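Notes for the one structure printed next.
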Amino acid sequence: MSDSESKAPTNFIKQIIEEDLRSGKNDSRVHTRFPPEPNGYLHIGHAKSICLNFGIASEFGGLCNLRFDDTNPGKEEQEYVDSIKTDVRWLGFDWSEREYYASDYFQQLYDYALQLIRGGKAYVCDLSADEIREYRGTLTETGRESPCRSRSAEENLDLFQRMRDGEFEDGSRTLRAKIDMASGNINMRDPVIYRIQRAYHHRTGDAWCIYPMYDYAHCVSDSLERITHSLCTLEFEDHRPLYDWFLEQLGIFHSRQIEFARLNLSYTVVSKRKLLKLVKGGHVRGWDDPRMPTLSGIRRRGYPPEAIRDFCNRIGVAKAGSTVDISLLEFCVRDYLNKCVRRVMAVLRPLKVVITNYPEGREEKLDAVNNPEDPGAGTRKVPFSRVIYIERDDFMEDPPKKYFRLAPGREVRLRYAYFITCTNVVKDREGEISELHCTYDPATRGGDAPDGRKVKATLHWVSAGHAVDAEVRLYESLFTQEDPEDVADEGDFLSNLNPGSLQVLLSCKAEPCLREADAGDRFQFERLGYFCVDPDSRDGAPVFNRTVTLKDTWAKVQKWEHQKERSR
RNA sequence: UGGGGCGUCGUCAAGCGGUAAGACACCAGGUUUUGGUCCUGGCAUUCGGGGGUUCGAAUCCUCCCGCCCCAGCCA
């Protein structure tokens, strides 16, 4: 991690930690953990938590564990733990050998449960799931005590042992904490801490038929790992009294839970449930679809981990529910890519240009700078010839006032090549422009006019005879609404899906050096944006994902003009 | 109508009783062989609202208003 990244701004969590350090709490140790449940893919929201937990540990000279919260075998799979490890590593964090699983603690958790029962703090309950719900009461009415609440410790011990031994049917009994059915906090109304569930667990197999619940397993896991600061999202705030209760009853190391606001992003959904719906419904091509906010999607799209970390540092950490503008993420991506990525020319929507006064059969190699932000990146040779392609957007037959690209009779610069002037527009039978005829000025080789003559535009181009054919996938946000959940009465977020979120361009022309690009390679296509080579690429047939466009003041002007026109 | 939180610029977010940081976005200019980058300047007389305490309040007290979370044998 670079120096510039380590200077993350302060936040209320760091302030708490600083106070703890000052008072010598926890022997001045700082130890955090990132605790994903392996039941889905990591997304940008998790990145915030990962950066926070690993970032704080490193800033305070402490450690951060990776712990899989795998207490619900019905939903969890090895596939997810693998992808999570890949993603955390990709983001740039290292948990060394500290890879833990709540399932590592099943025996210990069981023994502690015995301790709770002996102390009269937990009991086996025979109520069905429906009955438990009924007895729990509502938000405004207190609950009623279970008829099993007053069982003796001996009976509870016997029953719990038999639950563990598989004597009872799934769901027929639970182990519950004995707390307070009248509590205003529903989490304290004798919460279930063990349920019977005959499910194959991805790590413990069939060794257990009872599994601990999150509230019980999480705090004990934190304690066993001697986590000093257990950071989680706001919705667990009212679980904290329960977290504290277990640790107090058990008399074991007391980690401190601190809650922060989860990340929301405009024009994006960040919830496992909704992302799953997008995948299952075929609205995207999979978990790693470059339009997905999953880390695997973002990676395929070409977002660099450095940019994600920068973003997470910039958004801050607080308790107010918030939605960060997606433009900040895009800014971070451009900011990083601008500094370190090679520039290259590619034409997305080719328009053929014949340079009529350029000798037939001649070709030359022109020098091009690889990265003006980084002189060390050097230069390369780009072939030039009589027939080239330019972007269709870079020519207008009847241009508006503010348009300063190519037009009939107008002179522009071809980047690193020559000034050309449009002399003729050739159209097909439908009236579509099929090619342009231009003349070039041999004195402007390299792109400068010796007479000091200026042009208003510089265009990118590709020599037709040397071009590599490429497929380019353009992405826009998946949703048309800033808040995808903002739906007109009926329907859900899916009705805000952006039909134009993916646009595939099949006949793009790229400069020859792109022929041997490898999957994952990133480039700036000059004047267009940043692109990343997709794994779908095959030899000589590269596929590029547009990571993000360049800032485009011309597009902004056009949009503005359109709006003006519409309001007229 | 129970419990737990949160309200500072369009969006995040500092601020911790001494007179509103910063970033993104936006706007205006300059440089420019990318309408990119870079540079310069602008952008909250006011902190959800009302009272109060104080020489002094975004910060303390108080009442009110708004928003979020909780009734899984999910995490």
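Owing to the predicted nature of the structure, the values given are computational and were not obtained by experimental measurement.
Comparing the P positions of B:rU11 and B:rG51 gives an interatomic distance of 26 Å, to the nearest angstrom. B:rG66 and B:rG49 have their C1' atoms separated by 10 Å, with the value rounded to a whole Å. Spacing of P atoms, B:rG48 relative to B:rC6, comes out at 14 Å, to the nearest Å. B:rG15 and B:rC47 have their C1' atoms separated by 10 Å, given to the nearest Å. The gap from the C1' atom of B:rU37 to that of B:rG4 amounts to 48 Å, rounded to the nearest Å. Using atom P as the reference point in both B:rC39 and B:rA58, the two lie 34 Å apart (nearest Å). Only the P atoms considered, B:rU8 is 37 Å distant from B:rG30, to the nearest whole Å. Using C1' as the reference atom, B:rG3 and B:rU46 are 34 Å apart when rounded to the nearest Å.
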Next on the checklist: A:R405 vs A:E391, test: salt bridge (Lys or Arg N to Asp or Glu O under 4.0 Å). Steps then yes/no.
Outcome noted: CA-CA 10 Å; A:R405 279 111 92 145; A:E391 211 65 60; over 6 Å; no
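Taking atom CD1 of A:I258 as the reference point, atom P of B:rG5 lies 14 Å away to the nearest angstrom. Atom pair A:L528:CG and B:rU34:P shows a separation of 14 Å (rounding to whole Å applied). Regarding A:D483, its CG atom lies at a distance of 13 Å from the C1' atom of B:rC67, rounded to whole Å.
Note on A:T323: only backbone sugar-phosphate atoms sit closer than 4.0 angstrom, heavy atoms only; bases stay farther off. In this structure, A:Q524 reaches the bases: a heavy-atom distance under 4.0 Å links it to at least one base atom across the strands shown. Residue contacts shown for A:E526 include a base, since a base heavy atom lies under 4.0 Å away. Nucleic acid contact class of A:V369 (heavy atoms, under 4.0 Å, all strands): none. Note on A:P372: a base of the nucleic acid sits closer than 4.0 angstrom, heavy atoms only. Note on A:E259: nothing from the nucleic acid sits closer than 4.0 angstrom, heavy atoms only.
Ring to ring, A:Y418 and A:Y440 are close: their centroids are under 6.0 angstrom apart. Aromatic ring centroids of A:Y123 and A:F160 lie 6.0 Å or more apart. A ring-centre distance under 6.0 Å is not found for A:Y530 and A:F523. Ring-centre distance between A:F531 and A:F525: below the 6.0 Å cut-off.
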Next on the checklist: What does the B/S/- profile of nucleotides 23-32 of chain B look like, 5' to 3', with a 4.0 Å heavy-atom cutoff to protein?
Outcome noted: SSSSS-----
Item to check | Reading 5' to 3' through nucleotides 69-75 of chain B, protein heavy-atom contacts under 4.0 Å coded B for base, S for sugar-phosphate only, - for none | outcome: SBBSBSB
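Under the 30°/60° scheme for interplanar angles, the aromatic rings of A:H201 and A:F106 are found to stand perpendicular. Note: A:Y105 and A:Y100 have tilted aromatic rings, judged against thresholds of 30 and 60 degrees for the angle between ring planes. Relative orientation of the A:F236 and A:H239 rings is perpendicular, given thresholds of 30° and 60° on the angle between their planes.
Nearest nucleotide to the A:D335 side chain, out of B:rG35, B:rC38, B:rU34: B:rC38. In this structure, of B:rG4, B:rG35, B:rU34, it is B:rG35 that holds the atom nearest to the side chain of A:D552. The nucleotide whose nearest atom lies closest to any side-chain atom of A:Q15 is, among B:rC6, B:rA14, B:rG15, B:rG15.
Across all strands shown, B:rA21 forms no Watson-Crick or G-U wobble pair with both distances under 3.5 Å.
For the pair A:F34 and A:L52, the minimum side-chain heavy-atom distance is 4.5 Å or more. Inter-residue side-chain proximity for A:L528 and A:L348 is flagged as met; some heavy-atom pair is nearer than 4.5 Å.
Between B:rG35 and A:R405, no contact under 4.0 Å exists linking OP1 or OP2 to a side-chain N or O. An OP1 or OP2 oxygen of B:rG2 is reached within less than 4.0 angstrom by no side-chain nitrogen or oxygen of A:S183.
Identified under the side chain to side chain donor-acceptor pair (under 3.5 Å) test for residues 173-184 of chain A, with sequence neighbours left out: A:D126-A:R173.
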